[in-house]
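One structure below.
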Protein chains: 2
Amino acid sequence: MSRPPSARKQRADATLNRARIVSVARTLFAEHGSAVPLTEIARAAGVGVGTVYRHFPTHADLIEAAAEQRFAEIEEFARTECLRAEPGEGLARYLLHVGEVLAADRGLSAAIETARQSAGSEPRGESRGRLEDVIGELVERDLAAGTLRDDCTVADVYMIVGALSATIGSGSGDWRRLVRIVLHGLRPDAARRRSDE
Amino acid sequence: MSRPPSARKQRADATLNRARIVSVARTLFAEHGSAVPLTEIARAAGVGVGTVYRHFPTHADLIEAAAEQRFAEIEEFARTECLRAEPGEGLARYLLHVGEVLAADRGLSAAIETARQSAGSEPRGESRGRLEDVIGELVERDLAAGTLRDDCTVADVYMIVGALSATIGSGSGDWRRLVRIVLHGLRPDAARRRSDE
DNA sequence: ACCTGAACACCGTTCAAGT
DNA sequence: ACCTGAACACCGTTCAAGT
């Protein structure tokens, strides 16, 4: 489902190995963070190191692949829970949920950070693109409900998620409080409600 | 000035070497981030690797020592510029200034992150303690001026600086905008002005 | 076409020998 | 008391040999 058409003719063992590597990486990253030695992943997956490199040339590729599923899950949540929530509550629900997921999966923070690096240039995983669309809808919905200041953008949400990820990763501080503060900061200011250029 | 009384009898060359190492580390960290090989620092300082380890047993110790001066500078700024600013503008000035410094010194983010790790347990550098005091005054002053919600605390400021540090370090996103959003989020909400609890 | 794992490079850390 | 740098350990990455 994920393979581009040009690379269709894969050998059966190759496909299986790839799946095994991703599966193992997902577990180990979630538990110990994304700094797990590649050798360990290879051993746990029952393949040689070279095989890991063949499928995932750079470290970031593997991290990305391991995170794909989480992003798909988050997208699903955003569609079913956030887009159908009380008008104006979508973003709040979204940020709190992302926080929960980040807190439960230490490897995901790394995926978010490496995604940052290649911002705009690479096509990235496919879940990512769809997720971006949903976030766009989310923002527009809350804008219409009047709970967001009118200059709020998808880029803001990405920046905030990055900040949130770092806060959770560092383990200190009450990240839920940060979410509350930021959400409050994104509300329209009663004072400048109608002027605005 | 920084040495504890018990370790007074240091040999002249040891003191000099220590100073050289810190000086070199400061430059290299600022330029390339804190991931610079220790071998390179040793070479640039004109000492053997063993000497670096003798003075700074852990990597975090060196990062901390290199950052000390910056923290002192930030403290100075906080005292002269923020504590004497327009009432209610102290924290805003502080966060913007810290952002500038972080943007100009790539190594400082690492110092802030490692400071996080050992939060509460270790005595840390001396500038750190004094800085914490100033931030406390800053918060109280803005609270009195009515520009901060009454549950705002020094811990909030630390969490925010951490988030800011990560955002700047990742290089993507408009960190000044994040500061603006957060500051807005820390303003007292007109609606819940007196009830509370 | 794909896999394996030994080989190489690099960096962190220690420690015996030197002053 | 302190310094040096070779030695060891560990991990990332490549590539010749195998199926």
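Order of the sequence lines sets the chain letters (A, B, ...), proteins ahead of strands, with each chain counted from 1.
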Is the side chain of S165(B) donor-acceptor paired with the backbone N or O of V161(B) at a distance under 3.5 Å, no angle test?
-> no

Would you find more than 12 non-hydrogen atoms of other residues, nucleotides or ligands less than 6.0 Å from R93(B) atom CZ?
-> no

Has H55(B) got a side-chain N or O lying under 4.0 Å from the OP1 or OP2 atom of dC2(D)?
-> no

State yes or no: do L108(A) and F77(A) share one hydrophobic cluster built from I, L, V, M, F, W and Y residues joined by side-chain heavy-atom distances below 4.5 Å, directly or via other members?
-> no

Rounded to the nearest 0.5 Å, what's the gap from CG on L164(B) to CG on L178(B)? Could you check?
-> 6.0 Å

Under 3.5 Å, side chain of R149(A) to main-chain N/O of G185(A), donor-acceptor pair present?
-> yes

Calculate the interatomic distance between Q10(B) atom CD and dC3(D) atom C1'; express it in whole Å.
-> 13 Å

Given the rule that I, L, V, M, F, W and Y join up when any side-chain heavy atoms are under 4.5 Å apart, are I21(B) and V36(B) in one cluster?
-> yes

Specify the separation, in whole Å, of atom CZ of R43(A) and atom C1' of dT4(C).
-> 16 Å

Starting at CZ of F56(A) and ending at P of dC2(C), how long is that distance when rounded to a whole Å?
-> 14 Å

Measure from CG on N17(A) to P on dC2(C) and round the result to the nearest Å.
-> 11 Å

Could you state the CZ-C1' distance from R54(B) to dC15(C), rounded to the nearest angstrom?
-> 12 Å

Quick note, T51(A) side chain, CB onward, closest among dC2(C), dT4(C), dC2(D) is dT4(C)

For R20(A) and dT4(C), what is the distance between atoms CZ and C1' respectively, to the nearest whole Å?
-> 15 Å

Applying the Watson-Crick and G-U criteria (both distances under 3.5 angstrom) with [ ] for crossing and | for other-strand pairs, one obtains for DNA chain D ||.|||||...|||||.||

Show each protein N/O and nucleotides 16-19 of chain D N/O combination with a separation under 3.5 Å, one pair to a line.
none

Mind listing the N/O atom pairs, protein and nucleotides 6-12 of chain C, below 3.5 Å?
{"from": "dG12(C)", "atom 1": "OP2", "to": "L38(B)", "atom 2": "N", "distance (Å)": "3.1"}

Minimal heavy-atom distance between L148(A) and L143(A), with the atoms involved, is O-CD2, 3.6 Å

Is a donor on one side and an acceptor on the other found under 3.5 Å between the side chain of S23(A) and the backbone of A19(A)?
-> no

Salt-bridge test for R70(B) and E73(B): reply yes if a basic N is under 4.0 Å from a carboxylate O, no otherwise.
-> yes

Kindly assign one of parallel, tilted or perpendicular to the pair H59(B) and F29(B), based on the angle between their ring planes and the thresholds 30° and 60°.
-> perpendicular

Is there a donor-acceptor pair under 3.5 Å between the side chain of R141(A) and the backbone N or O of A85(A)?
-> yes

